There are 2 protein chains.
Amino acid sequence: MARQPTRTSVSRSPRKRKGQGGERREEILGAALRLIGERGVHGVSTRQIAEAVGISQPSLYAYFPSRDAIVEELHDRAFVLLVQALDRFVPTPGTPLEQAVEYLRVYVDFGLNNPDAYRVAFMIEGAGKPKPPTDESPPKPALQAFNSLRAAIWALHESGRVRDQDPEVISQSLWAGVHGLVSLLIARPQFPWAEREALIRTHLTMLAHGVLKDA
Amino acid sequence: MARQPTRTSVSRSPRKRKGQGGERREEILGAALRLIGERGVHGVSTRQIAEAVGISQPSLYAYFPSRDAIVEELHDRAFVLLVQALDRFVPTPGTPLEQAVEYLRVYVDFGLNNPDAYRVAFMIEGAGKPKPPTDESPPKPALQAFNSLRAAIWALHESGRVRDQDPEVISQSLWAGVHGLVSLLIARPQFPWAEREALIRTHLTMLAHGVLKDA
DNA sequence: AAAGCATCTTGACAGTGTTAGGTTGGATCG
DNA sequence: CGATCCAACCTAACACTGTCAAGATGCTTT
């Protein structure tokens, strides 16, 4: 009697072959990042992700232990992308101020060009909290990203152009400075912002002026 | 037959008298703010709020149309508090740089002393999105807060001490500068921050140096 | 052809925000 | 005083969420 199930609707993706489970994993991460970019981190459910991929929703748990684990993986990957972008930077000839602005600009552009990644990386509440036990061993991508920035500041500092302040403090301060602009531009698109290019340039110039000696 | 209900557990708060529904409203907001401060915006359910207040959970909907409305009310109130703090500022005698640092310090201190409020006000994803129709009429507390800051910058600007830049751009840039520090300090308490006082002072001095002429 | 196991499924659970409808009891009025 | 009214509040139920348990499927290797 069991009537033929009407099926339809949820077009399933064909089952992956034996070794290719990793492909599914990537598909899941891709769909999750896209949906999160559209609807926000908390506006996406596991069922929506699963449907976008074309699998049943509990199948996600074959690849990730929890929903949060998906977000966390995106989080880490976003940091890796940021580090790559920062480390790719090579200064063009110019004054230290111009070079500093250029470098900070890489950070800003990364954030604005990858708002989904930046959101996931920096703008998720309590994303860095619940892990006091498993520290130390792996250099978390988050810290690694800051290390890139810090290294650049130290280099600048050793050129003697920086105001006499602890370089560590200056690094953190500059980070806060660029993060503030990026996060606000991303999070508050409705705010009556000034012309974006002028705002960015002014902001970075201000930060650089604040740090460098020859103002 | 109907056995005495075992009751227990959820100690209910006594019913409010006829006109005192507003009290309940305040109790709900207070409990919500406290719980959100402890567990984060998304870590608190309406049932938890209701239990903390001592009423049934659907009763919340007699006072607020939705869960988001509770958060939004807290959001607006946080802005009002911030505006009050900013407007209370009266500069002590000193150089323009010292005064600028002092003023920005009010913003930073407000954020760090009221992290719950600041979180709710500035660090909630998409809190300023879904309202293109009902604009214009009421001066939203959010914009009002920025107006306070802008007014202060304009005053500074007219004293002739500011680098030749559009004051509007400078206001937004300074806002981004302080917001970056406050939001990171609040959101990432685990990060190996430098000594907080030194960090704040350096950051604000940097921002002020970046904006003022006599560096 | 058989075995093994990665892949994926259905079914169920407690928890969530929200709505519908009914009860209670203090304030008000005749 | 007693009747009425309605603000304040409740229970029951809905569709949705993340997660777990248990089993089916079918490619790959022996």
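This one's a predicted model, so the numbers in the text were calculated from it and none came from an experiment. Chain identifiers are assigned alphabetically (A, B, ...) following the order of the sequence lines, protein sequences preceding nucleic acid strands; residue numbering begins at 1 within each chain.
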Please compare B/Arg17 and B/Asp68 by the position of their nearest nucleotide in DNA chain C and report the one closer to 5'.
B/Asp68
Atom-pair distance (CD1 on B/Ile28; P on C/dG17), nearest Å:
14 Å
Using the side-chain heavy atoms of A/Ser45, tell me which of these nucleotides is nearest: C/dC8, D/dT17, C/dT16.
D/dT17
With the side chain of B/Ile55 defined as its heavy atoms from C-beta on, choose the nearest nucleotide among D/dC10, D/dT19, D/dC27.
D/dC10
Are OP1 or OP2 of D/dT11 and a side-chain N or O of B/Arg12 less than 4.0 angstrom apart?
yes
For A/Thr202 and A/Thr205, does a side-chain donor sit closer than 3.5 Å to a side-chain acceptor?
no
Of the candidates C/dG11, C/dT7, D/dG18, the side chain of A/Arg67 sits closest to D/dG18
For A/Arg25 and C/dC8, give me the distance from atom CZ to atom C1', rounded to whole Å.
17 Å
Between B/Met206 and A/Leu174, which heavy-atom pair has the shortest distance, and what is it?
SD-CD2, 4.0 Å
Can you measure A/Ile49 atom CD1 to D/dT17 atom P for me and round it to whole angstrom units?
11 Å
Let's test your reading of the model: under 3.5 Å, does the base of C/dG15 pair with the side chain of B/Arg47 as donor and acceptor?
no
Strictly below 4.0 Å: does A/Tyr63 bring a side-chain N or O up to OP1 or OP2 of C/dA6?
no
Using whole Å, report how far CZ of A/Arg24 lies from C1' of C/dA6.
13 Å
With under 30° as parallel and over 60° as perpendicular, where do the rings of A/His157 and A/Trp154 fit, or are they tilted in between?
perpendicular
Within the 4.0 Å heavy-atom criterion, would you say A/Val53 contacts the bases, only the backbone, or no part of the nucleic acid?
nothing
Nearest-Å distance, CD (B/Glu51) to P (D/dT11)?
13 Å
Base, sugar-phosphate or nothing for B/Arg15? Non-hydrogen atoms, less than 4.0 Å.
base
Round to a whole Å and report the spacing from CD of B/Glu72 to P of C/dG17.
17 Å
Is the shortest side-chain heavy-atom distance between B/Tyr103 and B/Leu86 below 4.5 Å?
yes
Check: B/Tyr118 ring centre within less than 6.0 Å of B/Phe79 ring centre:
no
What does A/Gln20 touch in the nucleic acid at a heavy-atom separation under 4.0 angstrom: a base, only the sugar-phosphate, or nothing?
sugar-phosphate
What is the distance, to the nearest angstrom, from the CG atom on B/Leu60 to the C1' atom on D/dA7?
16 Å
Over all strands shown, is B/Ser59 touching base, sugar-phosphate only, or nothing at heavy-atom distances under 4.0 angstrom?
base
Nearest atoms (heavy-atom pairs only) where A/Leu60 meets A/Thr46
CD1-O, 3.4 Å
A/Tyr61 side chain near C/dC8 phosphate (N/O to OP1/OP2, under 4.0 Å):
no
Nearest whole angstrom, please: distance from the P of C/dG17 to the NE2 of A/His42.
13 Å
Closest nucleotide among C/dT7, C/dG17, D/dT19 to the A/Thr46 side chain
D/dT19
Specify the residue among B/Pro14 and A/Gln57 whose closest nucleotide of DNA chain D lies further upstream toward the 5′ end.
B/Pro14
Categorize B/Phe64 for me: base, sugar-phosphate, or nothing, with a 4.0 angstrom heavy-atom threshold over every strand shown.
nothing
